[in-house]
Amino acid sequence: MTLEHRLEWFFERKLIMFFLWKEHYLNPLIPEELTKLKSSGLLDDKCVRQVMDEFLPEFEAKLPSGMYFPVPISRTIKQGKAFTTELAIKFHYNFIQVDENQKWSLRNKNISGKVLSLFESNLSFENKTGLYFIEYMSDNRWDKCYLECAITPMLALAIDNVQEELKLQLNNQQTDSIDLNSFRIDSRERCFVHSQNHGEVLLAETPRFWLLEHLNESGSQLVFGKNLFPFSNSA
């Protein structure tokens, strides 16, 4: 199995490989990051490849989902330690969980207050994997963790009309453009829209009211300027 196919195999099982390179954790599923890792030589190490090609797949059924670090695992094996599930889990991050109510938790402990504010301000979306993640500076290097989400963690706090284009003000303190053909409402009457760079976004109350006020009489289309855009119902 090629490296790329092995990485996809891991991803299908909710296992993601992380490599620390120049103060950043890189995910070789991302083509640009794979190129950097190939040039770094980290992927040429026989023990690192053995960890990914043999050890982790063999024990896959016993491994929790999340991020794994093949380099420190291989370094420990080179020191004479046998590979075990306990060794793999020692070099493992859990996914941060986001539930249907946009409540964050890690290992069944709620995330709130200053920690949640830190995480939200560093929240991003990765097009290649379709996953949300946080990345921030910690102990002189960038720390990164993916989210496992029952609903998008991205929240639109406002919708602005900027030069005849609708822009979202997001909970990560960023501004993004809207796909005007992607507005939808679910069975709980929550409104969502796709953004250009941050995946799907849930509308907070103020932008939700703005949206509902700009629907046509049938409630099936958004009226913006002289144009009409679909507004769909979904489960």
Side-chain angles (χ1 to χ4, degrees), residues 1-98 104-109 111 119 122-150 152-153 197-199:
M1 185 180 291
T2 66
L3 173 61
E4 287 81 357
H5 285 124
R6 175 59 72 193
L7 294 168
E8 291 290 348
W9 184 91
F10 282 131
F11 184 70
E12 291 168 1
R13 289 155 179 80
K14 297 184 179 180
L15 307 174
I16 295 176
M17 303 297 110
F18 266 179
F19 293 82
L20 181 61
W21 179 244
K22 293 186 177 180
E23 300 181 350
H24 283 270
Y25 283 116
L26 302 185
N27 178 356
L29 279 169
I30 311 302
E32 317 85 83
E33 298 186 7
L34 177 59
T35 298
K36 292 178 182 179
L37 288 171
K38 284 182 174 179
S39 64
S40 74
L42 287 175
L43 299 177
D44 296 329
D45 187 289
K46 291 182 179 180
C47 192
V48 168
R49 293 301 298 270
Q50 190 176 22
V51 168
M52 292 195 294
D53 292 337
E54 299 178 27
F55 297 146
L56 289 174
E58 181 180 352
F59 289 82
E60 170 263 327
K62 298 180 180 180
L63 298 175
S65 61
M67 287 71 54
Y68 287 85
F69 303 82
V71 171
I73 293 174
S74 67
R75 189 180 300 126
T76 304
I77 293 172
K78 290 175 183 178
Q79 293 170 354
K81 302 289 186 180
F83 182 90
T84 62
T85 54
E86 290 76 16
L87 173 60
I89 292 171
K90 181 179 178 181
F91 299 103
H92 162 259
Y93 278 178
N94 290 99
F95 291 123
I96 292 172
Q97 302 292 323
V98 178
W104 293 46
S105 63
L106 180 62
R107 295 189 290 274
N108 296 318
K109 294 183 179 180
I111 300 172
F119 285 178
N122 291 282
L123 178 63
S124 298
F125 179 74
E126 200 169 69
N127 281 305
K128 175 61 174 67
T129 61
L131 296 178
Y132 293 92
F133 67 94
I134 58 170
E135 187 175 30
Y136 60 96
M137 180 64 75
S138 175
D139 296 329
N140 298 317
R141 72 164 182 257
W142 289 91
D143 210 355
K144 181 176 181 179
C145 185
Y146 285 105
L147 282 60
E148 187 172 37
C149 305
T152 173
N197 300 303
H198 294 86

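Excluded from the calculations below are hydrogen atoms, water molecules and symmetry mates; all remaining heavy atoms, backbone and side chain alike, are included. Everything numeric in this text was worked out from a predicted model, so none of it was measured.
Put simply, the side chain of R6 reaches to within 4.5 Å of the side chain of D53, judged on heavy atoms. Side-chain contact between Y146 and N27 is present, with at least one heavy-atom pair separated by less than 4.5 Å. Side chains of F91 and V71 form no contact here, defined as non-hydrogen atoms less than 4.5 Å apart. With a 4.5 Å cut-off on side-chain heavy atoms, Y132 and C149 count as touching. Residues L20 and L26 fail the side-chain proximity criterion, which asks for heavy atoms closer than 4.5 Å. Within the 4.5 Å cutoff, no side-chain heavy atoms of L56 are placed close to those of L15. The side-chain heavy atoms of L29 and E4, taken from C-beta on, include no pair separated by under 4.5 Å. A 4.5 Å side-chain heavy-atom check between V98 and T152 finds every atom pair outside the cut-off.
The distance from the NZ atom of K36 to the CG atom of L42 is 13.0 Å, given to the nearest 0.5 Å. We find the CG-CE distance between L7 and M17 to be 7.5 Å, quoted to the nearest 0.5 Å. With rounding to the nearest 0.5 angstrom, the CG atom of L123 is 6.5 Å from the CG atom of L147. Taken to the nearest 0.5 Å, the NZ atom of K81 stands 8.0 Å off from the NZ atom of K90. Distance CZ/R49 to CE/M52: 5.5 Å, rounded to 0.5 Å. Atoms CG and CZ, on L37 and F18 in that order, are 11.0 Å from each other to the nearest 0.5 Å.
Using a cut-off of 4.0 Å between Lys/Arg side-chain N and Asp/Glu carboxylate O, K128 and E8 are scored as salt-bridged. A salt bridge does not link D45 with R75: every distance from a Lys NZ or Arg NE/NH1/NH2 to an Asp or Glu carboxylate oxygen is 4.0 Å or more.
Heavy-atom minimum distance, S105 versus I111: C-CD1, 3.7 Å. Across V48 and P70, no two heavy atoms sit closer than the pair CG1-CB, 4.1 Å. Closest non-hydrogen pair, I73 versus A88, comes out as CD1-CA, 4.0 Å. In this structure, N94 and M67 approach most closely via the heavy-atom pair O-CE, 3.6 Å. Counting all heavy atoms, side chain and backbone alike, P153 lies closest to W104 at CB-CZ2, 3.8 Å. When all heavy atoms of P28 and L34 are compared, the closest pair comes out as O-CB, 3.3 Å.
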From CA spacing to verdict: side chain to side chain contact (heavy atoms under 4.5 Å, CB included), F19, L43: CA-CA 9 Å; F19 293 82; L43 299 177; 3.6 Å; yes

Verdict with supporting geometry, F11 and I16, side chain to side chain contact (heavy atoms under 4.5 Å, CB included): CA-CA 6 Å; F11 184 70; I16 295 176; 4.2 Å; yes

Criterion side chain to side chain donor-acceptor pair (under 3.5 Å) on E32 and T35, from CA distance to verdict: CA-CA 5 Å; E32 317 85 83; T35 298; over 6 Å; no

Steps toward side chain to side chain contact (heavy atoms under 4.5 Å, CB included) verdict (E135, N122): CA-CA 6 Å; E135 187 175 30; N122 291 282; 5.8 Å; no

Side chain to side chain contact (heavy atoms under 4.5 Å, CB included) evaluation trace for Y93 with D143: CA-CA 11 Å; Y93 278 178; D143 210 355; 3.1 Å; yes

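Between the side chain of R141 and the backbone N or O of M137 there is no donor-acceptor pair closer than 3.5 Å. Although no hydrogens or angles enter the test, the distance criterion places a donor-acceptor pair under 3.5 Å between the side chain of H92 and the main chain of S65.
The number of heavy atoms from other shown groups lying within 6.0 Å of CG (N127) is above 12.
The ring-ring contact (aromatic ring centres under 6.0 Å, His included) analysis of residues 34-57, with sequence neighbours excluded, yields the pairs F55-F83.
Neither side chain, Q79 nor T76, offers a donor N or O lying under 3.5 Å from an acceptor on the other. Looking only at atom types and distance, the side chain of H24 has no donor-acceptor partner in the side chain of E33 under 3.5 Å away.
Here Y68 and F10 keep their ring centres 6.0 angstrom or further from each other. Under the 6.0 Å cut-off for aromatic ring centres, F69 and Y25 qualify, their centroids lying closer than that.
Remark: K22 engages no residue in a side chain to side chain donor-acceptor pair (under 3.5 Å) (not counting sequence neighbours). Scored by the side chain to side chain donor-acceptor pair (under 3.5 Å) test, K14 finds E148 as partners (sequence neighbours excluded).
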